[in-house]
Colleague: 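Starting off with a structure, shown below.
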Amino acid sequence: MFAAALVPSIVGADTSVDWPDLIDAEAQVFDDPFRNLSEDQIDLLRTIVRAREKLARGSAPVEEIPEVEARLENALQTLAQAGIDADDLIDLRWTVAGLRETAANAGNPALDGSEVSLAGFAIPAPPEADGTSTVYLVELAGMCSHTPPPPPNQLIRVRLSDGWRPDYMHQPVRIRGRVHIDPSERVFPVVDGDVPMKATWRLDADSVEAFTPKPRAEGASSDWVEQLRAQLKSRRNSADE
C-alpha cells in the first residue's frame with residue numbers, strides 16, 4: 001500500500017504551485033518567426049532544406065535529380081506566394097533553436113529556494129550517487145514512457161528523505177518540499193529503454209501524499225503534447241522521402 005506521507009507535512013496550502021509556475025516567463029518572450037507558420041509551411045521549409053542537402057551532397061540518383069529540383073522549386077514558390085522568404089527563415093533556424101532551448105530550460109527564479117506543494121506523476125529512478133532515493137515528477141501520465149520527456153523546466157528531480165518508491169509508473173502524488181534550480185541530466189531505463197532525463201529543478205521532499213488527478217478536458221493539450229505531435233509528424237515525413 002502507498003504510504004500516506006513520508007513525514008508529517010510542514011508546508012501550508014498557500015504554497016501550492018502549478019506546472020506553468022515553474023517556467024521563467026521572461027525567457028519565453030523572443031522573436032520566433034516560425035511560431036505563426038502552419039504545419040504545411042513548416043513542411044515546405046523542411047522540403048527545401050532536405051532537397052538542397054541532397055543536391056549539394058550528390059546523394060540523389062541521377063534519374064531523381066529533376067524530381068528533387070522540381071520539389072525544391074515548388075516549395076520556394078509556394079512560400080513566396082504566401083509572402084514568406086524561405087532563405088531568411090532557414091538562415092535563422094539555428095538562432096531560433098537556441099532561443100527555444102533556452103526557453104525550455106529556464107526555471108522561474110522567483111521559486112528558486114521556495115517551499116512548495118506540487119501535484120504530478122512519479123517516475124521511479126535509481127538512487128543518486130550518495131544513495132539518496134530519487135523519483136522524477138512530471139505533469140502528465142505517460143511522459144517519458146513511450147514518449148519523449150517534457151522540457152527540462154517541466155521535469156523535477158525529487159530527492160526523498162527515506163526510501164519510498166512509487167508502487168507503479170506514473171503514480172499520482174502531491175509532493176511538498178523546497179525546490180531549487182539545479183540542472184541535472186541522468187540516463188536510466190524507464191519502459192522502452194534508456195531515457196535521458198534532463199531536469200531544471202530539484203525538489204528536496206518533506207512529504208509525499210496520495211493525489212487523485214482531475215480528468216483532462218476533452219481536447220486539452222499542452223506545449224509538450226504539441227511538440228510531440230510535431231516530432232512524430234516530422235519523423236513520418238522523413239520516412240516518406
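None of these values were measured; they are calculated from a predicted model. Counting from 1, the numbers follow the sequence of the chain as shown. Worth knowing before you read on, the calculation uses all heavy atoms, side chains too, and leaves out hydrogens, waters and symmetry mates.
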Colleague: Are any side-chain N or O atoms of Thr47 and backbone N or O atoms of Asp43, one a donor and one an acceptor, separated by less than 3.5 Å?
Modeller: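 Answer holds: yes.
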Colleague: Hey, could you give me the CD1/CG distance between Ile156 and Leu118, rounded to the nearest 0.5 Å?
Modeller: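 These two atoms lie 4.5 Å from each other.
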Colleague: Same cluster or not: Leu55 versus Leu44, using hydrophobic residues (I, L, V, M, F, W, Y) connected whenever any side-chain heavy atoms lie under 4.5 Å apart?
Modeller: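 Hydrophobic grouping puts Leu55 with Leu44.
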Colleague: Applying the side chain to side chain contact (heavy atoms under 4.5 Å, CB included) criterion to Val179, which one of Leu203, Leu22, Asp112 satisfies it?
Modeller: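 Answer after filtering Leu203, Leu22, Asp112: Leu203.
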Colleague: Between Ser133 (side chain) and Trp164 (backbone), is there a donor-acceptor pair under 3.5 Å?
Modeller: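 Such a contact is found between Ser133 side chain and Trp164 backbone.
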Colleague: Minimum heavy-atom separation for Pro109 to Ile181, with atom names?
Modeller: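 In terms of heavy atoms, the two residues are closest at CA-CD1, 4.1 Å.
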Colleague: Any carboxylate oxygen within less than 4.0 angstrom of a Lys/Arg side-chain nitrogen, looking at Arg159 and Asp130?
Modeller: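 Yes, Arg159 and Asp130 are salt-bridged.
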Colleague: Does the pair Asp206/Arg178 count as a salt bridge with the N-to-O cut at 4.0 Å?
Modeller: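 No.
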Colleague: In chain order, what residues pass the side chain to side chain contact (heavy atoms under 4.5 Å, CB included) check against Ala103, with sequence neighbours excluded?
Modeller: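 Only Gln28, Phe30 meet the side chain to side chain contact (heavy atoms under 4.5 Å, CB included) criterion with Ala103.
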Colleague: Grab the two heavy atoms, one from Pro124 and one from Phe188, that are nearest each other, plus how far apart they are.
Modeller: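 For Pro124 and Phe188, the tightest heavy-atom pair comes out as O-CE1, 3.6 Å.
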Colleague: Rounded to the nearest 0.5 Å, what separates atom CD in Gln81 from atom CG in Leu76?
Modeller: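 The CD atom of Gln81 sits 11.0 Å away from the CG atom of Leu76.
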Colleague: Is Arg165 close to Leu160 at the side-chain level, that is, under 4.5 Å between some pair of heavy atoms?
Modeller: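 Result no, sub-4.5 Å side-chain heavy-atom pair not found.
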Colleague: Report yes or no: does Arg186 contribute a side-chain atom to a donor-acceptor pair with the main-chain N or O of Pro126 at less than 3.5 Å?
Modeller: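 Such a contact is found between Arg186 side chain and Pro126 backbone.
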Colleague: Go through Leu89 and Phe34 one step at a time and tell me if the side-chain contact (heavy atoms from CB on, under 4.5 Å) criterion holds.
Modeller: CA-CA 8 Å; Leu89 289 178; Phe34 299 90; 4.0 Å; yes
Colleague: Taking C-beta and beyond as the side chain, do Val135 and Pro166 meet within less than 4.5 Å on heavy atoms?
Modeller: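 Contact flag for Val135/Pro166 side chains = yes.
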Colleague: If you look only at pairs with a residue in residues 21-30, which of them pass as a salt bridge (charged side-chain N to carboxylate O under 4.0 Å, His left out), with sequence neighbours excluded?
Modeller: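 For residues 21-30, and leaving out neighbouring residues, there are no salt bridge (charged side-chain N to carboxylate O under 4.0 Å, His left out) pairs at all.
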Colleague: Check for a donor-acceptor pair, side chain of Ser207 on one end and backbone N or O of Ala205 on the other, with a separation under 3.5 Å.
Modeller: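 No; zero donor-acceptor contacts below 3.5 Å.
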Colleague: Name all residues meeting the side chain to side chain donor-acceptor pair (under 3.5 Å) criterion together with Ser59; count only those two or more places apart in sequence or in a different chain, and write none if there are none.
Modeller: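 For Ser59 the side chain to side chain donor-acceptor pair (under 3.5 Å) partners, ignoring immediate neighbours, are Arg57.
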Colleague: To the nearest 0.5 Å, what is the distance between CD (Glu67) and NZ (Lys54)?
Modeller: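 NZ of Lys54 is found 8.0 Å from CD of Glu67.
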Colleague: Who passes side chain to side chain contact (heavy atoms under 4.5 Å, CB included) against Asp87, sequence neighbours left out?
Modeller: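 Expected list: Arg52, Asp85.
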Colleague: Evaluate salt bridge (Lys or Arg N to Asp or Glu O under 4.0 Å) for Arg176 paired with Glu209, printing each intermediate quantity in order.
Modeller: CA-CA 9 Å; Arg176 291 179 169 85; Glu209 302 170 353; 2.6 Å; yes
Colleague: Is the closest side-chain heavy-atom distance between Pro150 and Glu139 below 4.5 Å?
Modeller: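 The answer is no, as the side chains (C-beta and beyond) never meet within the 4.5 Å cut-off.
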Colleague: Is there a side-chain contact between Pro196 and Glu185 in this structure, where contact means two heavy atoms from C-beta onward sitting under 4.5 Å apart?
Modeller: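 Yes, at least one pair of side-chain atoms sits under 4.5 Å.
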Colleague: Closest heavy-atom contact between Pro172 and Pro213?
Modeller: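 Nearest heavy atoms, Pro172 then Pro213: CB-CD, 3.8 Å.
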Colleague: Do Ile84 and Thr78 have side-chain heavy atoms sitting under 4.5 Å apart?
Modeller: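 No, side chains not in contact.
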Colleague: Among the clusters formed by ILVMFWY side chains lying less than 4.5 Å apart, do Ile90 and Leu37 turn up in the same one?
Modeller: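 Per the 4.5 Å side-chain linkage, Ile90 and Leu37 are co-clustered.
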Colleague: With side chains defined as the heavy atoms from C-beta onward, is the minimum distance between Arg202 and Val158 less than 4.5 Å?
Modeller: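 Side-chain contact under 4.5 Å: no.
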Colleague: Tell me the closest heavy-atom pair linking Asp31 and Val96, and the distance in Å.
Modeller: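 The pair with the smallest heavy-atom distance is O-CG2, 4.4 Å.
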Colleague: Rounded to the nearest 0.5 Å, how far does CG of Leu111 lie from NE2 of His180?
Modeller: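 One finds 12.0 Å between NE2 of His180 and CG of Leu111.
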Colleague: List for me each residue that meets side chain to side chain donor-acceptor pair (under 3.5 Å) alongside Glu73, sequence neighbours excluded, and say none if there are none.
Modeller: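 If we apply the side chain to side chain donor-acceptor pair (under 3.5 Å) test to Glu73, skipping adjacent residues, the hits are Gln77.
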Colleague: Do Leu155 and Lys198 come close enough that some side-chain heavy atom pair is under 4.5 Å?
Modeller: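 Of all side-chain heavy-atom pairs linking Lys198 with Leu155, none is under 4.5 Å.
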Colleague: Can you give me the closest heavy-atom contact between Ala75 and Ile48, atom names plus distance?
Modeller: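 Ala75 and Ile48 have their closest heavy atoms at CB-CG1, 3.6 Å.
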Colleague: From Asn74 CG over to Leu79 CG, what is the distance, rounded to the nearest 0.5 angstrom?
Modeller: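 Between atom CG of Asn74 and atom CG of Leu79 there are 9.5 Å.
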Colleague: Over 60° means perpendicular and under 30° means parallel, so tell me whether His170 and Phe121 are parallel, tilted or perpendicular.
Modeller: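 Correct class here is perpendicular.
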Colleague: Can a donor-acceptor pair be found, under 3.5 Å and without considering hydrogens, that links the side chain of Asn153 to the backbone of Ala106?
Modeller: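 Looks like yes, one N/O pair under 3.5 Å.
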Colleague: So, does Asp182 use its side chain to make a donor-acceptor pair with the main chain of Trp201 at under 3.5 Å?
Modeller: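 Such a contact is absent between Asp182 side chain and Trp201 backbone.
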Colleague: Would you say the side chain of Arg46 lies within less than 4.5 Å of the side chain of Val49, judging by non-hydrogen atoms?
Modeller: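 Result no, sub-4.5 Å side-chain heavy-atom pair not found.
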Colleague: How would you list all residue pairs meeting side-chain hydrogen bond (donor to acceptor under 3.5 Å, both in side chains) that involve residues 93-111, not counting sequence neighbours?
Modeller: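 Listed by first then second residue: Asp32-Arg100.
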Colleague: Can you check whether Leu137's main-chain N or O pairs, donor with acceptor, with Arg157's side chain at less than 3.5 Å?
Modeller: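 Side chain of Arg157 to backbone of Leu137, a donor-acceptor pair under 3.5 Å: no, none is there.
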Colleague: Could you tell me whether the side chain of Gln41 and the main chain of Ser38 form a donor-acceptor pair under 3.5 Å?
Modeller: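 Such a contact is found between Gln41 side chain and Ser38 backbone.
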